[in-house]
Amino acid sequence: MKKNVIPKEGVYYIYSIYQQILPELLVRDLTKLFYDIEMPLIPCLYRMEKRGIKIDIQFFKQLTKELEKEIFSLQKEIYQLSGIVFNLNSPKQLAEVLFDRLKLPIPKGKERSTASEVLIELLPYSPIIEKILRYRELNKVLTTYLKPFPEMCDENQRLHTYFDQTKTSTGRLASLSPNLQNIPVRGELGQKIRKGFISEEGYLLISADYSQIELRILAHITEDENLIDVFLQDKDIHTTTAAKIFKVKEEEVKEDMRRFAKMVNYGLIYGMSDYGLAESLRLKKEEAKEFMENYLNSFPKVKEWREEVIRKAKEEGYTKTLFGRPRYFPALLSPNKTLYEQAKRQAINAPIQGSAADIIKKAMVEVDRKLIENRFNIGLILTIHDELLFEIEKERIEEAKEIIKETMENIYPLKVPLKVNIGIGKNWQEAHS
DNA sequence: CTCCCCTCGC
DNA sequence: CTGCGAGGGGAGA
Ligand SMILES: [Mg+2]
Ligand SMILES: [Mg+2]
């Protein structure tokens with residue numbers, strides 16, 4: 001709920017809007033979604049925004065100081081190595097330095113670009129590249145997180161985001177001003193930044209993260225026996241998938257095989273084709289095709305479902321999530337092949353991503369209600385798509401943990417269990433399990 | 001102001 | 001030719 005969005009005069013129209021949307025809700029069978037999920041979510045989100053999350057301002061400022069020192073010397077070294085002073089933040093100028101002035105090659109299969117993916121390929125050609133990559137990493141965290149956040153805090157060193165309930169096409173929430181759904185987590189620097197998000201004195205943070213919620217939803221929707229089996233036995237989905245793709249025993253699955261399977265699993269959720277898979281993994285077409293076939297034979301209903309969801313979306317014009325949330329796809333009638341193919345991928349993804357959003361929203365309403373009912377002092381403070389973050393008084397941590405886990409895992413029973421991993425700590429890094 | 005490039009998260 | 005977002009900053013209007 002962003003500040004000042006409702007003008008005084010606007011309130012006048014709410015009843016007339018209600019009169020218009022009620023019949024619309026009824027004919028589209030959306031009353032449950034509206035009254036059981038989205039409406040109760042509004043006060044819940046408002047409380048989360050009001051509670052905010054505490055950051056260690058001194059820690060942010062100290063880290064800023066250290067990284068600014070490093071970034072300044074990086075900048076100097078980059079200008080030295082390139083023999084020219086230019087604006088490092090300008091991809092256009094940087095491309096001119098790298099590809100025209102220093103005559104570095106454009107990797108085959110890639111466009112002329114300074115994206116990190118391209119720069120990594122250029123690492124062997126010049127010592128300037130690693131410095132640019134590090135500069136980018138530091139500049140990103142400094143300008144997006146470390147420098148702005150201390151300025152945005154309230155008098156209690158707490159940051160308050162806004163959750164936008166209407167922004168996304170799938171039903172997810174969006175977080176803005178600041179966005180607290182894209183706080184760095186990967187790598188040493190990400191872990192360090194997360195240590196700056198802390199609990200109040202006498203409190204701890206609890207992170208509750210749905211394990212593989214989208215793949216569990218895929219298992220539920222497709223009713224694929226093998227996929228369901230993996231989750232009923234609580235096996236590692238990526239390891240199991242790797243074993244099936246490569247036709248080896250699960251004990252023989254190596255780390256890179258598991259990583260590959262993970263990409264395949266997510267690729268399927270995102271509507272990826274075998275061509276796209278081959279491309280992203282730089283595989284020979286035949287290999288990718290064989291792995292893809294092994295996958296589809298292992299989880300046959302996934303392929304059937306992907307075709308069925310597209311067929312239905314063409315016929316009816318929309319897809320639906322578990323809770324009946326529609327997403328419309330006019331582009332499925334487009335003569336433009338690019339738009340058409342894109343719409344097909346979106347139509348595969350929307351029911352999965354959107355159903356995950358349905359489930360976590362329902363869990364939020366329910367957990368928030370229970371924690372308030374039981375007189376917890378702070379409670380739910382953030383949602384990051386499949387994770388809920390809570391701030392709870394130390395003495396009642398175990399009590400809260402039980403309520404949270406039990407509520408989230410049983411909020412909407414599927415044909416496979418929903419599993420929630422809980423972590424506890426005095427900062428987000430410790431709590432994020 | 002908008003568009004684009006780039007990079008952070010799930 | 002893998003989905004959904006936010007946001008910093010450059011470039012050009
Ligand atoms: Mg998770
Ligand atoms: Mg997560």
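Treat the numbers as computed from the prediction; the structure is a model and nothing was measured.
Nearest to the side chain of Asn182(A), among dC10(B), dG9(C), dG5(C), sits dG5(C). Residue Arg327(A) places its side chain closer to dC4(C) than to any other of dT2(C), dC4(C), dC6(B). If you check dG7(C), dC10(B), dC6(B) against the side chain of Lys140(A), the one that comes closest is dG7(C). Comparing dC10(B), dC6(B), dA6(C) by their nearest atom to the side chain of Arg186(A) picks out dC10(B). Closest to the side chain of Asn179(A), out of dG5(C), dA6(C), dG9(B), is dA6(C). Residue Arg136(A) places its side chain closer to dC6(B) than to any other of dC6(B), dG10(C), dG3(C). The side chain of Leu176(A) approaches dA6(C) more closely than any other nucleotide in the set dC8(B), dA6(C), dC4(C). Each of dG7(C), dC4(C), dG10(C) was ranked by its minimum atom distance to the side chain of Ser177(A); first place goes to dG7(C). The side chain of Thr114(A) has dC6(B) as its nearest neighbour among dA6(C), dC6(B), dG9(B). Here the nucleotide nearest the side chain of Ile384(A), chosen from dC4(C), dT7(B), dC10(B), is dC10(B).
Taking side-chain N and O atoms only, Gln181(A) has no distance below 4.0 Å to OP1 or OP2 of dG7(C). Residue Arg172(A) places no side-chain N or O under 4.0 Å from the OP1 or OP2 atom of dC4(C). Listed pair Gln346(A) / dC4(C) meets the phosphate criterion, a side-chain N or O lying under 4.0 Å from OP1 or OP2. For the pair Ser90(A) and dA11(C), the criterion of a side-chain N or O lying under 4.0 Å from OP1 or OP2 is met. Phosphate contact (OP1/OP2 of dG5(C), side-chain N/O of Ser169(A), threshold under 4.0 Å): present. Not one side-chain nitrogen or oxygen of Lys92(A) sits closer than 4.0 Å to the OP1 or OP2 atom of dC4(B). Between dG8(C) and Thr144(A), no contact under 4.0 Å exists linking OP1 or OP2 to a side-chain N or O. When the side-chain nitrogen and oxygen atoms of Ser113(A) are compared with OP1 and OP2 of dC6(B), one or more of them lie within a distance under 4.0 Å.
Residue-level contact check: Asn139(A) touches neither bases nor backbone, having no heavy atom under 4.0 Å from any strand. Within the nucleic acid shown, Ile269(A) has no heavy atom closer than 4.0 Å to any nucleic acid atom. Residue contacts shown for Val185(A) are limited to sugar-phosphate atoms, with no base heavy atom under 4.0 Å away.
Closest approach of Asn89(A) and Pro91(A) over heavy atoms only: O-CD, 3.2 Å. Taking each heavy atom of Thr161(A) and Pro178(A) in turn, the nearest pair found is OG1-O, 2.7 Å. The minimum heavy-atom distance linking Arg172(A) with His385(A) is given by the pair CD-ND1, 3.4 Å.
With rounding to whole Å, Leu268(A) atom CG is found 18 Å from dC1(C) atom P. Following rounding to the nearest Å, Asn89(A) (CG) and dG7(C) (P) show an atom-to-atom distance of 19 Å.
For the atom pair Leu102(A) CG and Glu96(A) CD, the distance stands at 12.0 Å (nearest 0.5 Å).
The 5' end of DNA chain C is approached more closely, in terms of each residue's nearest nucleotide, by Glu341(A) than by the other of Gln353(A) and Glu341(A).
For the side chain to side chain contact (heavy atoms under 4.5 Å, CB included) criterion with Leu227(A), the lone passing option out of Leu232(A), Ile237(A), Thr241(A), Ile221(A) is Ile237(A).
Inter-residue side-chain proximity for Leu380(A) and Arg47(A) is flagged as unmet; no heavy-atom pair is nearer than 4.5 Å.
Only the P atoms considered, dC3(B) is 25 Å distant from dT2(C), to the nearest whole Å.
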